[in-house]
Trainee: 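After the structure tokens below, expect a handful of questions from me.
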Amino acid sequence: MSLATRMSVPLLAAALLVPPAVEAAPFTGEHWRPAIHAAKAYAAKRRGTVTFALRTRKRLYAYDARRQMTSASLVKPMLLVAYLNRPGVRSRALRRPEGELLEQMIVRSANFAAHDVYGIVGNRGLGRLAARVGMRDFATGSGWSRTLVTAADLTRLFLDLDRFVTRRHRDTAMRLLRSIVPRQRWGMAEVAPRGWAFYFKSAWTPRVQHQAALLRRGRRQLAISVLTSDNPGPYYGRETERGVALRLLSGLRPDSVPR
């Protein structure tokens with residue numbers, strides 16, 4: 001046996017003892033897309049006017065989503081963000097009366113609280129926030145409840161809602177939007193998938209039923225908004241919100257990756 005052959009034997013044996021390189025385990029979650037066709041078919045059969053949007057990091061899924069509608073209470077999250085970002089507020093702790101006022105406005109949807117916050121923020125503050133978010137069809141009105149919004153714009157706001165809030169008050173804003181009182185948790189809140197944090201706000205008047213929400217699990221997130229008007233009654237509108245969300249969010253599991 002040659003010298004080269006004798007040297008190669010132990011080297012070969014040593015090589016066989018070295019474990020192969022371990023590759024990073026691939027993420028097992030499946031790509032997920034909303035059931036947009038089922039949601040559109042359902043919305044088209046409902047009475048009144050229905051628009052909706054679902055936004056992921058990849059794309060916008062929409063149904064008449066640039067139609068302007070009166071916001072009613074769905075402008076309250078904008079009032080919240082605009083107030084927390086004010087120069088005299090953003091860098092200090094909230095005073096107790098401020099915290100209580102914002103909680104009343106968001107958690108219980110108190111209109112008197114929205115009136116007070118709007119008196120401080122004004123249309124100028126709402127307009128600045130809308131421009132920063134990139135809300136294309138937003139328009140202020142003669143009062144906070146007369147603001148005009150669209151489903152597409154609201155998903156743009158909600159998808160990055162925490163990023164639009166100053167860092168000091170970010171946890172406060174998100175906590176409030178996750179703490180809506182049980183008696184106001186209808187529509188899409190009834191069908192929110194398990195395993196996803198759910199932050200939302202509803203709006204309702206004799207003529208409209210609106211909702212917008214952020215769903216988040218780790219770094220994965222999506223935003224959804226359903227706006228309705230001219231409903232035969234409030235419960236009909238809430239069922240429309242529920243039905244659209246149920247179809248859009250079908251199949252969304254804790255390990256899903258929104259596309």
Side-chain angles (χ1 to χ4, degrees), residues 33-56 58-79 81-82 109 114 118 123 126-161 164 186-189 191 199-215 222-249 258:
R33 292 178 176 81
I36 185 68
H37 297 299
K40 285 182 177 180
Y42 173 81
K45 296 178 181 179
R46 301 296 287 176
R47 295 170 62 181
T49 301
V50 182
T51 81
F52 65 79
L54 186 149
R55 189 181 298 270
T56 70
K58 296 292 184 178
R59 62 176 292 186
L60 171 69
Y61 302 86
Y63 177 76
D64 198 17
R66 293 191 64 183
R67 178 189 291 269
Q68 288 181 317
M69 289 196 184
T70 304
S71 68
S73 291
L74 216 50
V75 76
K76 290 174 181 176
M78 294 188 68
L79 289 171
V81 175
S109 202
Y118 176 73
N123 284 341
L126 289 175
R128 281 198 297 263
L129 175 60
R132 181 184 172 203
V133 173
M135 300 174 78
R136 300 169 61 185
D137 302 300
F138 177 86
T140 55
S142 57
W144 61 267
S145 65
R146 296 181 181 274
T147 301
L148 296 179
V149 295
T150 67
D153 278 345
L154 287 165
T155 58
R156 191 182 299 275
L157 170 70
F158 268 75
L159 187 65
D160 287 307
L161 190 62
F164 296 123
W186 57 67
M188 63 175 67
V191 297
Y199 311 85
F200 81 108
K201 187 73 186 76
S202 300
W204 65 97
T205 73
R207 293 179 58 83
V208 306
Q209 290 284 334
H210 302 330
Q211 289 187 316
L214 164 68
L215 287 82
L222 62 91
I224 180 173
S225 181
V226 182
L227 309 183
T228 75
S229 66
D230 301 318
N231 294 293
Y235 294 102
Y236 186 92
R238 294 172 190 180
E239 182 56 32
T240 299
E241 293 167 337
R242 181 184 182 278
V244 170
L246 179 66
R247 287 159 178 80
L248 282 176
L249 299 174

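Computed from a predicted model, the values in this text were never measured in an experiment.
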Trainee: Within this structure, what is the CG-OG distance for the pair Leu157 and Ser225, rounded to the nearest 0.5 Å?
Mentor: 9.5 Å
Trainee: Take Phe138 and Leu148, measure what side chain to side chain contact (heavy atoms under 4.5 Å, CB included) needs, and give me the verdict at the end.
Mentor: CA-CA 6 Å; Phe138 177 86; Leu148 296 179; over 6 Å; no
Trainee: My understanding is that only residues two or more places apart in sequence, or in another chain, count here; which of them pass side-chain hydrogen bond (donor to acceptor under 3.5 Å, both in side chains) with Lys76?
Mentor: Ser73, Ser109, Asn111
Trainee: Under the salt bridge (Lys or Arg N to Asp or Glu O under 4.0 Å) definition, can you give me all pairs with a residue in residues 236-246, not counting sequence neighbours?
Mentor: Glu190-Arg242, Glu239-Arg242
Trainee: Taking atom CG of Leu129 and atom CE of Met78, what is their separation to the nearest 0.5 Å?
Mentor: 4.5 Å
Trainee: Can you check whether Asn123's main-chain N or O pairs, donor with acceptor, with Thr140's side chain at less than 3.5 Å?
Mentor: no
Trainee: Could you measure the distance from the CG atom of Leu74 to the CD atom of Gln209? Nearest 0.5 Å is fine.
Mentor: 11.0 Å
Trainee: Decide whether Arg67 and Thr51 meet the rule of one side-chain donor and one side-chain acceptor closer than 3.5 Å.
Mentor: no
Trainee: Which distance, rounded to the nearest 0.5 Å, do you find between the CG of Leu161 and the OG1 of Thr155?
Mentor: 12.0 Å
Trainee: To the closest 0.5 Å, what do you measure between OH (Tyr235) and CH2 (Trp186)?
Mentor: 8.5 Å
Trainee: Among Leu215, Val244, Ile224, exactly one meets side chain to side chain contact (heavy atoms under 4.5 Å, CB included) together with Met188. Which residue is that?
Mentor: Ile224
Trainee: Report the residue from Asp230, Thr70, Thr228, Asn231 that forms a side-chain hydrogen bond (donor to acceptor under 3.5 Å, both in side chains) with Arg207.
Mentor: Asp230
